[in-house]
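A short worksheet on the structure shown next.
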Protein chains: 2
Amino acid sequence: MSVTTKDVARVAGVSVATVSRYLNGHNVLDENREKIEQAIKQLGFRVNPIAQTLRTNRSMTVAVLVPTLANIFSMSIIESIERCLDQYGYSIMVCGSRGELAREEEKLRFVRDKRVDGVIVIPVGSSGSHIAEIVGDDIPVVLIDRVVDDVRFDAVVVDNTNAAYHAVEQLIIKGHRRIAMIAGPQHIYTARERLKGYRRVMSDYGLAIDEDLVLVGDYTSDTAYGLVKELMQRDPRPTAVFVSNYEMTIGAIGCLNELGIRIPEELSVIGFDHLDLSSVVKPPLAVVAQPRDEIGRKAAELLYARMSGDTTSFPSLIRLKTRFIQGSSIAEHKSG
Amino acid sequence: MSVTTKDVARVAGVSVATVSRYLNGHNVLDENREKIEQAIKQLGFRVNPIAQTLRTNRSMTVAVLVPTLANIFSMSIIESIERCLDQYGYSIMVCGSRGELAREEEKLRFVRDKRVDGVIVIPVGSSGSHIAEIVGDDIPVVLIDRVVDDVRFDAVVVDNTNAAYHAVEQLIIKGHRRIAMIAGPQHIYTARERLKGYRRVMSDYGLAIDEDLVLVGDYTSDTAYGLVKELMQRDPRPTAVFVSNYEMTIGAIGCLNELGIRIPEELSVIGFDHLDLSSVVKPPLAVVAQPRDEIGRKAAELLYARMSGDTTSFPSLIRLKTRFIQGSSIAEHKSG
DNA sequence: TTGTATGCGTTATCAG
DNA sequence: CTGATAACGCATACAA
């Protein structure tokens, strides 16, 4: 079938052990080295990574497990992870948990069985005990985007609370008082943090929060569409709204366009996460932009360090800053 | 370390061969079956897929190779492929070629060495000889989005030519004559096909094509931004423009917004590929929508059939239809 | 430094 | 139907 070390050994006139040593960078007589290289080229030999893995329990592969694949946030991150790890000779295996715990567990078991050397995961819930249990001490784990509260893992997240804080602060500074928020599902870490930022800044400025203006969605476009529709029926209306993730921003903008509500004259808007949006929406939308590439890169670097045996300051929580894109979707509000 | 068939055999009081047979669904004495199941549960045994692959050369894994990961089109497709193949017990391994031939070849070799059972690829170029050469007869291949012209592969594409044809036809019907097109890089199949559709419909309606209105971009947002800027300096201006992929549509809209050009009063616009856009842009953008889920699903089904030994009507070219989303970005044009 | 021999966890062959 | 055993391709302990 395919050419093996045995073939190379035969052609080179050495033993398979010598060939193996050559392949793994050990010392080999120059004379033998040449004969082996010659044989490898002549035969078109490529080492069989499966056999290697069986033998060594190392696969030079890391798993990336995310709730949903078809989502720009996940994919940008996955791409930057792949780019980074590629340099170190690692390849990645992507899995989707679809936001289901059972699926997350299953995939975790699956990749563990595949002998991946590390895993990067956006956990579906706020518990991580199953992760520890399944891949536990065997395999390094780096969480991204969300942390869990029952197990200590390395993690790379953004400063969601302050991201929301500063966004809403912009609105307050411009004179807004009736500021609505389209929040995310509270079982998700990022959603909780972002809502916390909203509450904190309102409180810091001594503003009362009208709970009728805090609508909790599920991070999907359709739901946000409905929530914004509902929101605009409040009397009096809010003068500004902060939407706390990408999909919901899409739904919100769509709804506002459909209702014919002028941005920012009738309503100031701050979206989340997607830069493209800023330019496509008219007027250019103010958005909180996450450093996606950096998230992926940092996570990959950290995981690589762990896989290489470096346990410095474990567990380390890397908290990255977001960037606020000004846009033109925020108006001055002259309070009465 | 981990528990093996040998352990199961020992505990169950049978031979490893019998355990293996049980695992593979062969006939086993009921009595033994029970003992084995008991032992498996007791020991928490899980079969080692690496060893299986080494032995059988089957990995129950398919590779998906795309030019760029961080792109909604790729990802939606990858997700639907994963969903579909998951049902059959296959998992997927995704790789990015970054639009580079050398990288495509390298990844192909890599997954071949990993013993994947099939590969789905969006080829970077219009030649596929390297694909045939590397994974050749060994492994079934299904192309998506683009076909190659020197090798016969199964493929799932959309009817790009007619997609463009019908889009531009809408403009013509509404009275437009000076219709511009932001085309894609002509070394890419889809870009060629879409431009062909434009030319064909113009010709079918007896309209001369002003080559100054046909601008060739590279499927990126930034370039399209510049091209549209250039386009709007033409004198006389076009009255309509057809933008032929997602990223370029983003750039085009961004540019038009910035220039303050009103859609559709000053310029009618048709975009490509992204449904979200339709609602977020004001007014709702007319777009050509690709059946992403279907593309992934069909490709996965076809590959599954091939992997199962079904060679019916090889090579089969599945050509899916796009959908035209009307929007409100097309105005009637009263010609002089 | 090199070769020999053994094992990684399965599957497949071949007697029984 | 079952058991013993030989691969699969590679890496490593050990002896030389």
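By convention in this document, chain letters (A, B, ...) are assigned in the order of the sequence lines, proteins followed by strands, and residues within each chain are numbered from 1.
With sequence neighbours excluded, no residue forms a salt bridge (charged side-chain N to carboxylate O under 4.0 Å, His left out) with Arg112(A). With sequence neighbours excluded, the residues forming a side chain to side chain contact (heavy atoms under 4.5 Å, CB included) with Asp150(B) are Ser127(B), Ser129(B), Val148(B), listed by chain and number. Scanning for side chain to side chain contact (heavy atoms under 4.5 Å, CB included) contacts around Ser15(A) gives Ala17(A), Thr18(A), with sequence neighbours left out. The salt bridge (charged side-chain N to carboxylate O under 4.0 Å, His left out) test applied to Glu79(B) returns Arg83(B), not counting sequence neighbours. Looking at residues two or more places apart in sequence or on another chain, you find a side chain to side chain contact (heavy atoms under 4.5 Å, CB included) between Val47(B) and Phe45(B), Gln52(B).
Remark: C1' of dA11(D) and NZ of Lys6(A) are 14 Å apart, rounded to the nearest angstrom. The distance between atom CG of Asn57(A) and atom C1' of dT12(D), rounded to the nearest whole Å, is 14 Å. Distance CD (Glu31(A)) to C1' (dT2(C)): 12 Å, rounded to an integer number of Å. In this structure, CD of Gln52(B) is placed 13 Å from C1' of dC8(D), rounded to the nearest angstrom. Atoms NE2 (His26(B)) and C1' (dT13(C)) sit 13 Å apart, rounded to a whole Å.
The side-chain hydrogen bond (donor to acceptor under 3.5 Å, both in side chains) pairs that include a residue from residues 28-39 of chain B are Tyr22(B)-Glu37(B), where partners are two or more places apart or lie in different chains.
The side chain of Leu54(A) lies closest to dC8(C), out of dC8(C), dC10(D), dA11(D).
Taking every heavy atom of residues 40-50 of chain B and every atom of DNA chain C, pairs under 4.0 Å involve Phe45(B), Arg46(B), Val47(B), Asn48(B), by number.
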For nucleotides 1-3 of chain D, list the nitrogen or oxygen atoms of the protein found under 3.5 Å from its nitrogen or oxygen atoms, one pair per line.
from   : atom 1 : to       : atom 2 : distance (Å)
dC1(D) : OP1    : Asn27(B) : ND2    : 3.2
dT2(D) : OP1    : Leu29(B) : N      : 3.2
dT2(D) : OP1    : Asn32(B) : ND2    : 2.1
dT2(D) : OP2    : Leu29(B) : N      : 3.3
dG3(D) : OP2    : Ser15(B) : N      : 3.0
dG3(D) : OP2    : Ser15(B) : OG     : 3.1
dG3(D) : OP2    : Thr18(B) : OG1    : 2.5
dG3(D) : N7     : Arg21(B) : NH2    : 3.1
dG3(D) : O6     : Arg21(B) : NH2    : 2.5

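Between the side chain of Asp113(B) and the backbone N or O of Phe110(B), no donor-acceptor pair lies under 3.5 Å.
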Check: residues 295-304 of chain B side-chain donor-acceptor pairs under 3.5 Å, at least two apart:
from      : atom 1 : to       : atom 2 : distance (Å)
Glu301(B) : OE1    : Tyr88(B) : OH     : 2.8

